[in-house]
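As structure tokens, the structure follows; a few thoughts come after it.
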Amino acid sequence: MRDVTTAQPLDVQPTPLALLLLGREADPKSERGVECPGDLPSPSDPDLVERARAAKEKLGEKVFVLGHHYQRDEVIQFADVTGDSFKLARDAAARPEAEYIVFCGVHFMAESADILTSDDQRVVLPDLAAGCSMADMATAEQVAECWDVLAEAGVAEATVPVAYMNSSADIKAFTGKHGGTICTSSNAKRALDWAFEQGEKVLFLPDQHLGRNTAVRDMGMSLEDCVVYNPHKPGGGVTPEQLRAAKMILWRGHCSVHGRFSLESVEDVRARIPGVNVLVHPECRHEVVAAADHVGSTEYIIKALEAAPAGSKWAIGTELNLVRRLANRFAAEDKEIVFLDKTVCFCSTMNRIDLPHLVWTLESLAEGKLVNRIEVDRETESFAKLALERMLALP
């Protein structure tokens, strides 16, 4: 038997990824982000709202604040515009007089805004640690290795990459460089229709659920037409034969919020609330989408509830900040709106943008100090913009 009392410790060095997960080391390009410099105001400061207003007023037209739908109410109240990630990035590009674009969202969204805005504008993320777990699930190195696997299987030339907007600038650039396009949850079918006109297969990344739901639910493919590429397994965990037979090669990624909803959630809410309409985001699992009454993007969800008749009942499968805001908004119209799952589920990284971070950001800018700038390098920006422009040109 091995003598554990005298055994020498193993010389195991943690990987850069492990160090990031442990909260050590720093990578400004990672969706996991890094800590912010400077001292934040106390969250208990009763003057935070007034301080934010004063700093924003001092900046005037020099600042344009974007608020994603999943942001906290305390932050969203200071947004000049609200919306999903792509709408906000385009809104920023339409405001060239704004020197500072403060993006209350997550890292990849700020990158998209930097790609689409002018060189004179500075995009700022109030908390650099506000990342996206889905975007983190596909790194440039992993996707390049995947492309090599496709080449070895003899299918790379017939494959068109389609990257979801919820991806890093590096992944958008890879997509543009390899003849692909970007999609949102609203136009995923149009993007896939275009991609299949260019090639025989699609590499869809990083969200497997949006890719599968669009292919099967909206385009009439079968589940057998889809294979999942797992970057953590040799060869992606699929055989060359599977890659050659597949139409949709789905990256093994998912949204940590939408992935929590289950078929049991749908069945439970139907039992608890007779006559309820189940409305979910297409980032949900396929079985959840198949069981829902309505499926659509964040903007679709908002418009569906706006058009819903008084007295109707809705269970919504998306981020809780938005669901709660919609429930409060439409309560006066006697619309019952509940969260699909019994378990409370905020987007933890979206919630990193809080009032102290926003106050610190606005006050720093008002004092002439540029903080937490998100800047995409020229080459990456060039290829990422190419992929975005292909999306904008979709019929």
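We count residues from 1, following the sequence as given.
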Inset, instruction - Give the minimum heavy-atom separation between Val289 and Pro282, together with the two atoms involved. - result: CG2-CA, 4.4 Å
Inset, instruction - Classify the side-chain pair Glu299/His69 by whether it contains a donor and acceptor separated by less than 3.5 Å. - result: yes
Legend entry - Any side-chain donor near an acceptor of the partner, Tyr229 and Gln208, under 3.5 Å: no
Inset, instruction - Ignoring hydrogens and angles, tell me if any N or O in the side chain of Gln242 forms a donor-acceptor pair with the backbone of Val227 under 3.5 Å. - result: no
Inset, instruction - Evaluate the side-chain proximity of Ile302 to Arg329: yes if any heavy-atom separation is below 4.5 Å, no if none is. - result: yes
Legend entry - Face-on cation placement of Arg122 at Tyr100 ring, 6.0 Å and 45° thresholds: no
Legend entry - Pairwise side-chain contact, Phe64 with Val81, heavy-atom cut-off 4.5 Å (strictly under): yes
Inset, instruction - Starting from the C-alpha separation in whole Å, work towards a yes-or-no answer on side-chain contact (heavy atoms from CB on, under 4.5 Å) for Thr139 and Asp170. - result: CA-CA 8 Å; Thr139 68; Asp170 286 338; over 6 Å; no
Inset, instruction - Assess whether side-chain contact (heavy atoms from CB on, under 4.5 Å) is satisfied between Met248 and Val216, documenting all intermediate values. - result: CA-CA 10 Å; Met248 290 287 292; Val216 176; over 6 Å; no
Legend entry - Flag side-chain contact, heavy atom, 4.5 Å: Thr181 against Gln198: no
Inset, instruction - Consider only side-chain N and O atoms of His68 and Thr82, and report whether a donor and an acceptor are under 3.5 Å apart. - result: no
Legend entry - Thr298 and Tyr70: side chain donor to acceptor below 3.5 Å: yes
Legend entry - Non-neighbouring partners of Asp91 that pass salt bridge (Lys or Arg N to Asp or Glu O under 4.0 Å), sequence neighbours left out: Lys87
Inset, instruction - Could you go through the side-chain contact (heavy atoms from CB on, under 4.5 Å) check for Val238 and Ile249 one step at a time? - result: CA-CA 10 Å; Val238 289; Ile249 303 167; over 6 Å; no
Legend entry - Single-linkage hydrophobic cluster, 4.5 Å side-chain cutoff, Leu326 and Val278 together: yes
Legend entry - Side-chain touch Val359/Leu355, heavy atoms, less than 4.5 angstrom: yes
Inset, instruction - Examine distances only and state if a side-chain atom of Ser297 and a backbone atom of Ser186 form a donor-acceptor pair shorter than 3.5 Å. - result: no
Legend entry - Flag, side chain of Asn213 to backbone of Cys284, donor-acceptor distance under 3.5 Å: yes
Legend entry - Other residues, nucleotides, ligands: >12 heavy atoms within 6.0 Å of Glu61 CD: no
Legend entry - Gap separating the CG atom of Asn351 from the OG atom of Ser348, nearest 0.5 angstrom: 7.5 Å
Legend entry - Donor-acceptor side-chain pairing of Thr380 and Asp377 below 3.5 angstrom: yes
Legend entry - Val65 and Lys56, any side-chain heavy atoms less than 4.5 Å apart: yes
Legend entry - Heavy atoms of other groups near Glu200 CD, more than 12 under 6.0 Å: no
Legend entry - Salt-bridge contact Arg352-Asp127 (side-chain N to carboxylate O under 4.0 Å): yes
Legend entry - Side chain to side chain, Phe330 and Glu336, heavy atoms closer than 4.5 Å: no
Inset, instruction - Please answer whether the main-chain N or O of Asp47 pairs with a side-chain N or O of Glu50 as donor and acceptor at a distance below 3.5 Å. - result: no
Legend entry - Closest non-hydrogen atom pair, Cys183 against Ala191: CB-CB, 3.6 Å
Legend entry - same_hphob_cluster(Val269, Val323) at 4.5 Å side-chain heavy-atom cutoff: yes
Inset, instruction - Answer whether the closest heavy-atom distance between the side chains of Val162 and Leu203 falls below 4.5 Å. - result: no
Inset, instruction - Applying salt bridge (Lys or Arg N to Asp or Glu O under 4.0 Å), run through Arg244 and Glu241 and close with a yes or a no. - result: CA-CA 5 Å; Arg244 287 191 281 267; Glu241 291 74 24; 3.3 Å; yes
Inset, instruction - Report yes or no: do Asn187 and Thr184 form a side-chain donor-acceptor pair below 3.5 Å? - result: yes
Inset, instruction - Have a look at Phe174 and tell me which of Trp147, Phe383, Trp251 forms a ring pair (Phe, Tyr, Trp, His ring centres under 6.0 Å) with it. - result: Trp147
Legend entry - Neighbour count >12 (heavy atoms, 6.0 Å) for atom CZ, Arg270: yes
Legend entry - Centroid separation Phe339 to Phe261 less than 6.0 Å: yes
Legend entry - Crowding at CD, Glu287 (>12 non-hydrogen neighbours, <6.0 Å): yes
Inset, instruction - Answer yes if Val160 and Met391 sit in the same cluster of Ile, Leu, Val, Met, Phe, Trp and Tyr residues linked by side chain heavy atoms under 4.5 Å apart, and no otherwise. - result: yes
Inset, instruction - Measure the shortest side-chain to side-chain distance between Trp314 and Leu305 over non-hydrogen atoms and say whether it is less than 4.5 angstrom. - result: yes
Legend entry - Glu157 atom CD, over 12 foreign heavy atoms within 6.0 Å: no
Legend entry - Ionic contact status for Arg51 with Asp45, cut-off 4.0 Å: yes
Legend entry - Residue Glu145 excluded, over 12 heavy atoms near CD under 6.0 Å: no
Legend entry - Ile76 reachable from Leu362 in the ILVMFWY side-chain graph, under 4.5 Å edges: no
Inset, instruction - For Asp119 and Arg378, run salt bridge (Lys or Arg N to Asp or Glu O under 4.0 Å): C-alpha distance rounded to whole Å, both residues' side-chain angles, the deciding distance at 0.1 Å, then the answer. - result: CA-CA 10 Å; Asp119 292 340; Arg378 290 298 180 91; 3.5 Å; yes
Legend entry - CZ (Arg252) with more than 12 external heavy atoms under 6.0 Å: no
Legend entry - Exercise: do Ser262 and Ser265 side chains pair donor with acceptor under 3.5 Å: yes
